[in-house]
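The analysis underlying the following values was restricted to heavy atoms, covering all of them including side chains, and did not include hydrogens, waters or symmetry mates. Note that the structure is a prediction, hence the values are computed from the model and not measured.
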Amino acid sequence: MTAPAAVVVDGPPRRMRRRRAVGLVCAVVVLLVASLLSVLVGSKPLVPTDVAHALFAPTGGDIDRIVWELRLPRTLAALVVGVALGVAGALIQAFTRNPLGDPGILGVNAGASLGVAVGVALFGTRMPTQHLGFAFLGALLATLVVLFVGAIGRSADPIRLTLAGVAVGAVLAGITTAMTLLDPSTFNQMRGWEAGTFVERGLDVILPAVPFIVGGLAIALFCAGSLNMLGLGDDLASALGAHVGRTRVLTVAAITLLAGAATAIAGPIAFVGLMVPHVARWIVGPDQRWIIPYSIVLAPILLLVSDVIGRVILWPGEVPVGVVTAFVGAPVLIWLVRRRKASGL
């Protein structure tokens, strides 16, 4: 008697994978459109033919300088910082199992800001390229302090980690403010940077941070499967073969690299890492192997659109992108807190 053939049930999973892939492609298309808008919109509006001539047949005129020296570097900065903040937020939410996790809420941005303030006040750093190391060190110290405070006497709890992050972030922000007020030259250096901006962020600022962001992304993608298992609890994750300790260390390293580099480039920009992973989970579910790629695409869209809004809302002046994301993110945070059940992790 012939054994019955195995039945392969792949309808819903295959449809889900197809839907996720199509959604990711659509998000990439939207990202391209947002990037084009970022190049076109500003105090001097451009048309696509102007941009095409500047890119492929430059003549050295004013439009060429606007495109190559102002708009393209600013757009690239938004792309790079968006990728870093989106993935850092996804990692923090998965790591703490807290749907309200965010580099800003958990004190990472405040730590990076304090590191930059120390560099400016004590070591005389003036250029954003000199801020990288201090931002990384501050972000790492803030992350470690929050994890230590949130886990004193017992295992880390999402609520305690959030409270610890808010408290530590407030303390670090207070120290940063005190330093800038006591030293007027430091205040002048930090004033525009602390608002979160892409103005005057050229390749000399962006390129030194790219290797750190690429390293953080590589670690994040490597840890995605293990983070899925950590969501089931440490004991079950270990039983399923996950290296819990290694995953935690690597995740902290990735968060530090990503948040530190993003803050060094543009200053502290809040709420991007909070909002984007939620949108990704609504689309693809709780699988970090899809949340991270979606965050890579969706977060730059949010920053590019926010930057464009900031350029036109008070035209011919402009609002820093960090202020725009705060106006958008604060209502979203209130809505998430009031929900009976936040998007699943």
Side-chain angles (χ1 to χ4, degrees), residues 16-38 74-95 99 101-104 108-109 139 198 201 206-207 209-228 247 250-266 269-307 321 325 328-329 343 345:
M16 177 65 75
R17 290 194 296 269
R18 186 181 299 114
R19 182 171 68 88
R20 290 169 172 173
V22 171
L24 190 60
V25 172
C26 293
V28 171
V29 173
V30 175
L31 177 60
L32 295 175
V33 174
S35 300
L36 179 60
L37 284 176
S38 179
R74 188 167 180 168
T75 300
L76 180 59
L79 290 170
V80 171
V81 172
V83 168
L85 292 179
V87 176
L91 291 177
I92 287 178
Q93 292 180 12
F95 179 73
D102 170 79
V108 180
N109 285 349
F198 300 131
R201 297 303 187 264
I206 300 169
L207 293 181
V210 169
F212 299 97
I213 294 176
V214 171
L217 290 178
I219 296 173
L221 294 171
F222 175 77
C223 294
S226 297
L227 286 172
N228 284 339
T247 300
L250 290 176
T251 303
V252 170
I255 292 170
T256 302
L257 291 172
L258 294 169
T263 306
I265 293 174
I269 298 177
F271 294 110
V272 175
L274 171 66
M275 293 184 286
V276 169
H278 278 281
V279 175
R281 277 194 296 275
W282 292 333
I283 298 173
V284 303
D287 190 347
Q288 296 297 323
R289 294 170 297 181
W290 281 97
I291 290 174
I292 291 175
Y294 265 80
S295 298
I296 290 174
V297 179
L298 294 178
I301 293 174
L302 174 61
L303 274 185
L304 286 167
V305 172
S306 297
D307 192 35
V321 64
T325 58
V328 175
S343 56
L345 290 171

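- At least one side-chain heavy atom of Ile213 sits under 4.5 Å from a side-chain heavy atom of Leu258.
- Residue Gly215 comes nearest to Leu257 through the heavy atom pair C-CD1, 4.3 Å, listed as atom of the first residue, atom of the second, then distance.
- Contact between Gly86 and Ala299 at its shortest, heavy atoms only, is CA-CB, 3.6 Å.
- Within the 4.5 Å cutoff, the side chain of Val272 has no heavy atoms near those of the Val81 side chain.
- In this structure the side chain of Asp102 never reaches within 4.5 angstrom of the side chain of Gln93, judged on heavy atoms.
- With hydrogens and angles ignored, the 3.5 Å screen pairs a side-chain donor or acceptor of Arg19 with a backbone N or O of Ile283.
- Of all heavy-atom pairs between Leu303 and Ala78, the closest is CD1-O, 3.8 Å.
- Between the side chain of Ser38 and the backbone N or O of Ala34 there is no donor-acceptor pair closer than 3.5 Å.
- With respect to Val321, the side chain to side chain contact (heavy atoms under 4.5 Å, CB included) criterion is satisfied by exactly one of Leu304, Val305, Ile269: Ile269.
- Residue Cys223 comes nearest to Leu250 through the heavy atom pair SG-CB, 3.6 Å, listed as atom of the first residue, atom of the second, then distance.
- Of the possible polar contacts, one joining the Tyr294 side chain to the Arg20 backbone as a donor-acceptor pair under 3.5 Å is found.
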>> Assess the residue pair Phe222 and Ile219 against the criterion (side-chain contact (heavy atoms from CB on, under 4.5 Å)); give the C-alpha distance rounded to whole Å, side-chain angles, the decisive distance to 0.1 Å, and a yes or no.
In response: CA-CA 5 Å; Phe222 175 77; Ile219 296 173; 5.5 Å; no

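- At least one donor-acceptor pair closer than 3.5 Å links the side chain of Asn228 to the backbone N or O of Gln288.
- Taking the side chain as every heavy atom from C-beta outward, Val297 and Leu24 approach each other to under 4.5 Å.
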>> Applying side-chain contact (heavy atoms from CB on, under 4.5 Å) to Ile206 and Val210, what does each step give before you reach the verdict?
In response: CA-CA 6 Å; Ile206 300 169; Val210 169; 4.1 Å; yes

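- Across Ala262 and Leu85, no two heavy atoms sit closer than the pair CB-CD2, 3.7 Å.
- The heavy-atom pair separating Pro286 from Ile291 by the smallest distance is C-CD1, 3.8 Å.
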> What do the steps show when you test Leu79 against Leu31 for side-chain contact (heavy atoms from CB on, under 4.5 Å), and what is the final call?
Replying inline: CA-CA 9 Å; Leu79 290 170; Leu31 177 60; 3.6 Å; yes

